[in-house]
Amino acid sequence: MSKLKMILLMGFVCLYSIKLQAQYIIEQIEYEIPINYELIPADKEFEDAADEARFFLQLPESKLKDAAQKEYGDIEIIKSTIYIDGDNFAVESSSQEDGKTTVILNHNKGLIYYVLWSQKKIYEMSAEDMAEIQKDADAVMQKMMANLPPEMKEQSQPAKQITATGRRMVKYGQRCSEYLLEDEQELMVIWASDDSMGLAKKAKSMSEKLAEIFPSMDEDEQDEWDLAAGKIPVEVRTFRLDAMDGAQMEIQAITRINQVNPPVEKFILPAEAVGFERSSFKDMMTQMQQMMQGMEED
């Protein structure tokens, strides 16, 4: 799951999930490792692309990183801290590309603030904004479906199947079990721990609430929380089989979970950001679309 998708998904669902009172501070990292094929032994042969993916998925993370940095340079790591206190929600993230960003849910006003510190901008998103965006997305999808041949329209997406491998390992201080998912698009390894603090229950509640808010969304869409039901997906490795920009492995990891009350000031706009330029979330989406169109024309 991408950073922006995660932020908007969790934040917007929290807007409607006011009954589940829970307090957490969660630290997370996310990054992509380009595959260095020099890691493959000279005498190693693969049966197919999936067999090759399994080989790389089982390599130690440090080995993958060292080989990638040797060939491609530094790897950018997106670091995020998520604060949850009942119906209050905030995310602080930092990356080389976007710099520092902050997302704050203001439940009383029914707004989510997205702060881009490097640009000195604040984008405001309301439930009405999201409904309009969903409406536009539905129209685009219907147009795409209309142009598909009949046999493709009738195809249904099979439910993803996950298999416990029996392997166990300590990941970021959590005792985890390994699960493997294979389909035509990707191979995924999930290292999941038992949930002793109710975090998986909260994630399930958020997912169910999302389906209520956006009933037009694909009901078959499953993420790592659905696949490792009742557990915490501490580390997720994903190898895309259809990567257009070369083979890459996506890694997302929850590095720390504290079940404590977050500081109250995390859920209000920081004083130093009050004077920033303000725009709607729709404005931000329009700017992103214009930027993507400009890249396609170039």
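Values below: all heavy atoms of this structure, side chains included; hydrogens, waters and symmetry mates excluded.
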Applying the 4.5 Å side-chain criterion to the ILVMFWY set and letting contacts propagate, would F55 and V189 be lumped into a single cluster? yes
d(Y114 OH, E124 CD) to nearest 0.5 Å is 15.0 Å
If you round to the nearest 0.5 Å, how far is CZ of F239 from CZ of R237? 12.0 Å
Rounded distance [0.5 Å steps], OH in Y24 versus CD1 in I82: 12.5 Å
Identify the heavy atoms of F56 and N36 that sit nearest to each other, and give their distance. CE2-O, 4.1 Å
Identify the two heavy atoms, one from P233 and one from I254, that lie closest to each other, and give their separation to 0.1 Å. O-CD1, 3.8 Å
Evaluate the side chain to side chain donor-acceptor pair (under 3.5 Å) criterion for residues E178 and T165: first the C-alpha distance (whole Å), next the side-chain angles of each, then the deciding distance (0.1 Å), finally the verdict. CA-CA 6 Å; E178 184 187 48; T165 68; 2.6 Å; yes
Let me check something: do M249 and I40 share a hydrophobic cluster, defined by ILVMFWY side-chain heavy atoms less than 4.5 Å apart, either directly or through other members? yes
Determine whether more than 12 heavy atoms belonging to other residues, nucleotides or ligands lie under 6.0 Å from atom CD of E272. yes
Would you say E71 and Y37 are linked by a side-chain donor-acceptor pair, where the criterion is simply a distance under 3.5 Å? no
Find the distance between CE (M125) and CD1 (I112) and round it off to the nearest 0.5 Å. 3.5 Å
Minimal heavy-atom distance between Y123 and S280, with the atoms involved, is CD2-O, 3.3 Å
In E224, E235, E32, the residue satisfying side-chain hydrogen bond (donor to acceptor under 3.5 Å, both in side chains) with Q252 is E224
Are any side-chain N or O atoms of Y72 and backbone N or O atoms of I35, one a donor and one an acceptor, separated by less than 3.5 Å? yes
Same hydrophobic cluster for L269 and Y83, using side-chain heavy-atom links shorter than 4.5 Å among ILVMFWY? no
Looking at R54 and D51, does any basic side-chain N land under 4.0 Å from a carboxylate oxygen? yes
Return yes if some donor-acceptor pair links the side-chain N/O of E76 with the main-chain N/O of Q96 below 3.5 Å, else return no. yes
Report the residues that fulfil side chain to side chain contact (heavy atoms under 4.5 Å, CB included) with K100, sequence neighbours left out, ordered by chain and then residue number. T102, W117
So which atom in D195 and which in K201 form the shortest heavy-atom distance, rounded to 0.1 Å? OD2-N, 3.9 Å
Check side chain to side chain contact (heavy atoms under 4.5 Å, CB included) between M169 and all other residues, then give those that pass, not counting sequence neighbours. R167, K171, W191
Apply side-chain contact (heavy atoms from CB on, under 4.5 Å) to K120 and F276, showing your working. CA-CA 5 Å; K120 295 185 177 181; F276 285 5; 3.9 Å; yes
Hydrophobic cluster (4.5 angstrom, side-chain heavy atoms) - remaining members for V236: I162, Y179, L181, M188, I190, L227
Interatomic distance, S95 atom OG to I77 atom CD1 [nearest 0.5 angstrom]: 11.5 Å
Does atom CZ (R256) have a neighbourhood of more than 12 heavy atoms from anything else shown, all under 6.0 Å? no
For the residue pair S193 and K231, what are the closest heavy atoms and their distance? O-CB, 3.2 Å
Partners passing side chain to side chain contact (heavy atoms under 4.5 Å, CB included) against V260 (at least two apart in sequence or in another chain): I25, N258
Measure from the side-chain N and O atoms of Q259 to the backbone N and O of M197, and report whether any donor-acceptor pair falls under 3.5 Å. yes
Same apolar cluster: L180 and W225, side chain cutoff 4.5 Å: yes
Test of understanding: clusters of I, L, V, M, F, W, Y form through side-chain heavy atoms closer than 4.5 Å, transitively. Do I84 and F267 belong to the same one? no
Have a look at S93 and tell me which of T101, V103, D98 forms a side chain to side chain contact (heavy atoms under 4.5 Å, CB included) with it. T101
Going by the rule salt bridge (charged side-chain N to carboxylate O under 4.0 Å, His left out), which residues pair with E92 if we only count those two or more places apart in sequence or in a different chain? K266
Between the CD1 atom in I232 and the CG atom in L199, the distance rounded to the nearest 0.5 Å is 5.0 Å
By side chain to side chain contact (heavy atoms under 4.5 Å, CB included) - contacts of T255 (at least two apart): E27, I29, Y172
Which heavy atom of I268 sits nearest a heavy atom of I104, and at what distance? O-CD1, 3.3 Å
